[in-house]
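The figures here come from the full heavy-atom set of this structure, side chains too, leaving out hydrogens, waters and symmetry mates. This is a predicted model, so every value here is computed, not measured.
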Protein chains: 2
Amino acid sequence: MKLCYKIWLDNNGKAFGEGPYDLLKRVDRLGSLSKAAREINMSYNQAWKLINMLEKRLGFKLLQREVGGSQGGGSFLTEEARELMDKYGKFSRESEEALNKLYQKYFLNDI
Amino acid sequence: MKLCYKIWLDNNGKAFGEGPYDLLKRVDRLGSLSKAAREINMSYNQAWKLINMLEKRLGFKLLQREVGGSQGGGSFLTEEARELMDKYGKFSRESEEALNKLYQKYFLNDI
DNA sequence: AACCGTTATACTTAATTAAGTATAACGAAA
DNA sequence: TTTCGTTATACTTAATTAAGTATAACGGTT
C-alpha cells in the first residue's frame with residue numbers, strides 16, 4: 001500500500017501542476033519546448049497544446065517564443081513563469097513532506 | 001485561482017479515497033449499498049463495481065452483504081472497513097488543513 | 001535559394017474511463 | 001406463490017481524454 005496524490009492550481013480547469021513544472025524546468029535548461037518535450041517522450045504537439053492551455057487559464061504567458069533562425073528558434077521562460085515556478089516548487093515540496101508525515105502517522109503499520 | 005487535489009491509497013490501482021469514504025459513510029447510515037448510491041446519483045452497478053474493485057485491491061472485505069428477505073437485503077460495514085475509514089477520515093481532514101495552509105502561504109496574493 | 005530545427009495549428013485516430021442496459025438469484029412477508 | 005427491494009454480474013454503449021498525423025511559416029546559415 002502506498003500514498004498517491006495530485007495537486008494542482010485550477011482556474012476553469014487545470015492551470016498548473018507537477019507535469020508543467022517539470023516541462024518548464026527543462027525548457028529553461030534547453031531553451032526549446034520541442035527539446036524539452038522530446039526529453040520526456042512527449043510529442044511537441046502535446047507539449048504545445050499543454051502550454052497554450054495553461055497560458056489561457058493562467059491569463060499570462062509562460063513562454064517567450066522565437067521562430068526561425070539558424071537554430072530554428074526557441075522558447076524561454078517569462079518572468080511571470082519564473083515567479084510561478086518558484087512558488088509552486090516550494091509549495092509542492094512542502095506539501096509532499098506534510099502528506100508523507102501524515103501518511104506515516106496514520107498508516108504506519110501496513111493496512 | 002484555487003487549489004485542487006486528490007489523495008488516495010494505492011495498491012496496484014486506486015484502493016481508497018474520498019469517494020469511497022463518502023459512499024461507505026452512507027452505506028453505514030442507510031444499511032444498503034443501492035440506497036447509498038442512489039443518494040449521490042450513482043448507479044448501483046457503478047457502486048458495486050467500485051466496492052468490489054476496492055476490496056480486491058485492499059485484500060479484505062469492506063461490506064458484509066445480505067441478500068433476500070422482506071427488505072430485499074442490505075450491506076453493512078465490516079470491522080476492517082470501520083478501522084480504515086477512521087484512519088482515512090482523520091488523515092484526510094489533516095491533509096486538507098495542511099495543504100490549505102501551504103496554499104495560503106505561497107499563493108495568498110492572487111496569481 | 002535551399003536547408004534545418006524551431007514554433008504554430010487543424011484535424012484525425014486511438015485508448016482509456018465512465019456510464020448504462022439487461023438478467024438473475026435471494027428470501028421474508030403478504 | 002407472488003411481490004419487492006436488495007445483491008450479483010455480464011455485456012454494451014457513450015463520453016472523455018490522450019495521442020498521433022499532417023502541414024505550414026519563420027529566418028539565420030550555407
Could I get the full list of side-chain contact (heavy atoms from CB on, under 4.5 Å) partners for A:Ala36, not counting sequence neighbours?
A:Leu23, A:Arg26, A:Val27, A:Leu30
Using a 4.5 Å cut-off on heavy atoms from C-beta on, say whether the side chain of A:Phe107 contacts that of A:Met1.
no
How would you list, by chain and number, every residue that makes a side chain to side chain donor-acceptor pair (under 3.5 Å) with B:Asp10, sequence neighbours excluded?
none
Does this structure show an ion pair linking A:Glu97 with A:Arg93, if we count only N-O contacts that are shorter than 4.0 Å?
yes
Review item, nucleotides 2-5 of chain C N/O atoms under 3.5 Å of protein N/O:
residue	atom	partner	partner atom	Å
C:dG5	N2	A:Gly72	O	3.0

Could you tell me which residues satisfy side chain to side chain donor-acceptor pair (under 3.5 Å) with B:Ser92, sequence neighbours excluded, listed by chain and number?
B:Glu18
Which is the 5'-most and which the 3'-most nucleotide of DNA chain D that has an atom under 4.0 Å from a heavy atom of chain B?
D:dG5 to D:dA10
For the helix from C:dA1-D:dT30 to C:dA30-D:dT1, how many degrees between its two end axes (five pairs per end), to the nearest 10°?
20°
Which ring pair (Phe, Tyr, Trp, His ring centres under 6.0 Å) pairs, counting each pair once, include a residue from residues 65-89 of chain B, with sequence neighbours left out?
B:Phe16-B:Tyr88, B:Tyr21-B:Tyr88
Contacts of type side chain to side chain donor-acceptor pair (under 3.5 Å), residue A:Lys101, not counting sequence neighbours
none
Where along residues 15-33 of chain A does a heavy atom fall under 4.0 Å from DNA chain C?
A:Ser32, A:Leu33
Residues forming a ring-ring contact (aromatic ring centres under 6.0 Å, His included) with A:Tyr5, sequence neighbours excluded:
none
Side chain to side chain donor-acceptor pair (under 3.5 Å) filter on B:Asp28, not counting sequence neighbours, yields B:Arg82
B:Tyr106 vs A:Lys90 side-chain heavy atoms within contact, under 4.5 Å
yes
Could you pick out which residue, A:Lys49 or B:Met42, lies toward the 5' side of DNA chain C when each is mapped onto its nearest nucleotide?
A:Lys49
Heavy-atom check, side chain of A:Phe91 versus side chain of A:Glu96, under 4.5 Å
no
May I have the list of side-chain donor-acceptor pairs in residues 50-58 of chain B shorter than 3.5 Å, sequence neighbours left out?
residue	atom	partner	partner atom	Å
B:Asn52	OD1	B:Arg65	NH2	2.9
B:Glu55	OE1	B:Lys61	NZ	3.4
B:Glu55	OE1	B:Arg65	NH1	3.1
B:Glu55	OE1	B:Arg65	NH2	3.4
B:Glu55	OE2	B:Leu62	N	2.8
B:Glu55	OE2	B:Leu63	N	3.2
B:Glu55	OE2	B:Arg65	NH1	2.9
B:Arg57	NE	B:Asn12	O	3.2
B:Arg57	NH1	B:Lys14	O	2.9

